[in-house]
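Written out below as structure tokens is the structure these notes cover.
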Amino acid sequence: MPALQTDQYDVSEVAELREERTRPADSCIMVIFGAAGDLTTRKLIPALYNLGKSDVLPKEFAIVGFALDELTQQQFRDKVRDDIEQFAPKPIDHTLCDWLLERLYYVRGDFRDDAKYDDLKNLLAELDERHHTPGNYLYYLAVASNFFAEIVKHLGRKQLTSEEPGRWRRVVIEKPFGSDLESAKALNREIQEVLSEKQIYRIDHYLGKETVQNILVFRFSNGIFEPIWNRRYIDHVEVTVAESLGVESRGGYYDNAGALRDMVPNHILQLVSLTAMEPPISFGADAVRDEQAKILHAIQPPTPEEVLTRAVRGQYDEGVIDGKHVPAYRAEPFVNPNSNTETFVALKLAIDNWRWADVPFYIRTGKRLPKRVTEITIQFRRAPFVLFRDTPVNKLGHNLLVMHIQPDEGISLRFGAKIPGPTVRVGPVNMDFKYVDYFGSEPSTGYERLLYDCMVGDATLFQRADMVEAGWSIVTPVLDVWRALPPRNFPNYRAGTWGPREADELMKRDGRHWREIE
Ligand code: BG6
């Protein structure tokens, strides 16, 4: 079925809306801890460059990199120039690149070394003078999680986090935010001794994705979906976050974390809460997050018995992806050769509220699956009455609404249509909306919007302490049972397949199956 033709619509109007100017962010200095790391190289620097390209970086702006790497300021600037050339969209705007490099500084040091924070403080004061920034500082902790609290405490001790009227100080904290409920609570306590909640920006890069933000727009700016968005019309919801990559060079981190910690309490529960939440009273940060938090609280943490029947774990064996042989998880670099860490997880979640009672949410995520795809499928109940005798009811498809989060971003709706011919036979067809048809494709790292929001003080897309803790409350019982009962059958799925057999059985037991993803 061809996609809807964009020329039937006023595309210029859409383009105009897009061009509408966003105000430049507040004048500030961004301090990146972990400035020589992968996240900075691949995401943060290209995102800042893209913000510059869209004219929304403030004129009064500077960036300070803080890292342990033995680099002079010039070497750091050269490195960032290379990063921009490699990871920013082409052709490179050299004027913008030079503009960024002119305001780029470097502090070399250990995050635990108190004296280095004096150096940082002196440099920031000097840069405020030089770049006319008003003392607004955005600290980005792109570092291993064991440094989060330590860095915040040092900043606090040097009064680098004290706000005054007209002068803000904010801290962006990457994932993983804790490794279970207790550690997340402890981390919240430690950082809240120094910072107020409104200074803390717990980042989840899934919320930087346009299609994730579009879940809210789709649901709440259209009158036609909300009336059927409930247990009366919806049979179940599936969330799939599949990756074809393995653990790459991150075996050291991943072997301690596993798929459940790595993906579920953060990215996947974000997708679930946006799909399931009630309409907020406004798009204010707390109004949206209050509703998301209610959903997270309504997801019942499983009992140990439920973990056995509603949670599936898997680990990949060697296999073939895209025609290439790939090694087993246990043979990956920095992974224990006897590792019991899961690289796949599937869960059946129940949201105990009026809207969703008895509507299961099945989620699955894994590495080394056949392809990279993230999607949310809403499966509607069947039509109640068998009118089409030649098409047995079990052959009549369900209506499906699929939100394609990535790649091939878009939304499709499947419904039944008459197959041309002398008898009435019904076949499934798709109505497809593709982002690229309407809006083209804009190079983006997914961090642009999030960085911009930090610089203008909009915390809507960031996690509050209560949300992070609610996420961990859901998965911690699973972690506890899995720790107590190590898996006996790992590795239990071949690379290049859709995970272990048990994941299919999880749905089969309920008379359902995962949507087949081509
Ligand atoms: C990260 C996880 O948070 O998200 C990675 O740590 C995962 O393991 C990544 O690969 C997936 O992000 P994306 O944007 O590629 O879907």
Side-chain angles (χ1 to χ4, degrees), residues 25-53 57-88 92 96-133 135-148 150-155 158 160-161 169-174 201 203 205 445 447-448 450-452 454-455:
D26 299 356
S27 303
C28 64
I29 302 178
M30 177 169 173
V31 182
I32 306 178
F33 289 89
D38 221 40
L39 180 70
T40 309
T41 304
R42 287 170 182 273
K43 303 288 182 187
L44 302 183
I45 296 292
L48 287 170
Y49 171 92
N50 287 342
L51 286 174
K53 215 47 208 152
L57 280 184
K59 281 204 185 60
E60 295 82 22
F61 182 57
I63 307 165
V64 177
F66 191 134
L68 191 56
D69 299 51
E70 204 65 74
L71 292 172
T72 62
Q73 181 145 300
Q74 190 52 46
Q75 285 168 330
F76 183 57
R77 287 184 176 182
D78 292 343
K79 177 184 167 347
V80 169
R81 183 187 294 281
D82 292 346
D83 294 345
I84 291 178
E85 274 168 14
Q86 195 179 347
F87 295 107
I92 299 297
L96 171 61
C97 183
D98 291 345
W99 182 86
L100 275 172
L101 295 178
E102 275 160 24
R103 52 208 70 233
L104 185 67
Y105 301 85
Y106 188 65
V107 175
R108 192 219 154 240
D110 190 318
F111 306 135
R112 290 164 293 201
D113 181 354
D114 200 55
K116 285 291 160 191
Y117 293 81
D118 289 320
D119 295 352
L120 177 65
K121 187 171 183 174
N122 294 336
L123 177 63
L124 289 172
E126 196 186 312
L127 297 184
D128 276 337
E129 293 277 307
R130 190 178 310 159
H131 293 284
H132 312 291
T133 42
N136 293 336
Y137 303 149
L138 176 65
Y139 304 104
Y140 199 113
L141 309 193
V143 299
S145 54
N146 53 319
F147 289 119
F148 292 161
E150 169 123 28
I151 293 174
V152 168
K153 281 184 197 163
H154 282 293
L155 292 172
K158 304 290 174 192
L160 282 168
T161 54
R169 304 278 161 91
R170 299 176 188 140
V171 182
V172 184
I173 301 186
E174 266 291 336
Y201 286 67
I203 199 163
H205 81 279
T445 61
Y447 277 75
E448 289 79 1
L450 298 174
L451 287 180
Y452 174 81
C454 295
M455 293 185 205

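Between H205 and Y447, the two ring planes are parallel [angle under 30°; tilted spans 30° to 60°].
Taken to the nearest 0.5 Å, the CG atom of L127 stands 11.5 Å off from the NE2 atom of H132. Interatomic distance, I29 CD1 to Y139 OH, rounded to the nearest 0.5 Å: 8.5 Å. Between atom OH of residue Y106 and atom CD1 of residue I32 there is a gap of 11.5 Å, rounded to the nearest 0.5 Å. How far CG of D110 is from CZ of F147: 6.5 Å, rounded to the nearest 0.5 Å. One finds the CG atom of L124 at 12.0 Å from the OH atom of Y117 (value rounded to the nearest 0.5 Å). Expressed to the nearest 0.5 Å, how far CD1 of I45 lies from CG of L104 amounts to 6.0 Å.
Closest non-hydrogen pair, L39 versus A142, comes out as CD2-CB, 3.7 Å. Residues C454 and V172 approach most closely at SG-CG2, 3.6 Å, considering heavy atoms. Here the closest heavy-atom approach between residue A88 and residue Y49 is recorded as CB-CD2, 3.6 Å. Listed here is the closest heavy atom pair of D26 and P58: O-CG, 3.3 Å. Closest heavy-atom contact between A25 and M455: CB-CB, 3.5 Å. Contact between C97 and R81 at its shortest, heavy atoms only, is SG-NH1, 4.0 Å.
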- Query: Checking side chain to side chain contact (heavy atoms under 4.5 Å, CB included) for the pair L51/F61: CA distance, chi angles, key distance, verdict?
  - Reply: CA-CA 12 Å; L51 286 174; F61 182 57; over 6 Å; no
- Query: Does the side chain to side chain contact (heavy atoms under 4.5 Å, CB included) test come out yes or no for Y201 and Y140, once each step is laid out?
  - Reply: CA-CA 9 Å; Y201 286 67; Y140 199 113; over 6 Å; no
- Task: Could you please spell out the steps behind the side chain to side chain contact (heavy atoms under 4.5 Å, CB included) verdict for E174 and L141?
- Result: CA-CA 6 Å; E174 266 291 336; L141 309 193; 5.9 Å; no
- Task: Give the intermediate values and the outcome of side chain to side chain contact (heavy atoms under 4.5 Å, CB included) for residues F66 and L123.
- Result: CA-CA 12 Å; F66 191 134; L123 177 63; over 6 Å; no
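In this structure, R77 is positioned above the aromatic face of Y105, its NZ or CZ under 6.0 Å from the six-membered ring centre and within 45° of the axis.
Y137 is listed as a side-chain neighbour of D128, based on a closest heavy-atom distance under 4.5 Å. Side-chain contact between L120 and H154 is absent, with no heavy-atom pair separated by less than 4.5 Å. Taking 4.5 Å as the limit, some side-chain heavy atom of L138 sits within range of a side-chain heavy atom of R170. With a 4.5 Å cut-off on side-chain heavy atoms, V152 and V171 count as touching.
A salt bridge is defined here as a Lys NZ or Arg NE, NH1 or NH2 lying under 4.0 Å from an Asp or Glu carboxylate O, and D38 with K43 fails to meet this definition. Ion pairing between D119 and K116 holds under the 4.0 Å rule for side-chain N and carboxylate O.
For T445 (side chain) and L44 (main-chain N/O), no donor-acceptor pair under 3.5 Å exists by modelled atom type. For the pair N136 (side chain) and S27 (backbone), a donor-acceptor distance under 3.5 Å is present. Under a 3.5 Å cut-off, the side chain of R42 and the backbone N or O of G37 do not form any donor-acceptor pair.
Sorted by first then second residue, the salt bridge (Lys or Arg N to Asp or Glu O under 4.0 Å) pairs that include residues 58-76, not counting sequence neighbours, are E70-R108.
Of the N and O atoms on the side chains of N122 and E126, not one donor lies less than 3.5 Å from an acceptor on the other residue.
In the displayed structure, E102 atom CD is contacted under 6.0 Å by more than 12 heavy atoms of other residues, nucleotides or ligands.
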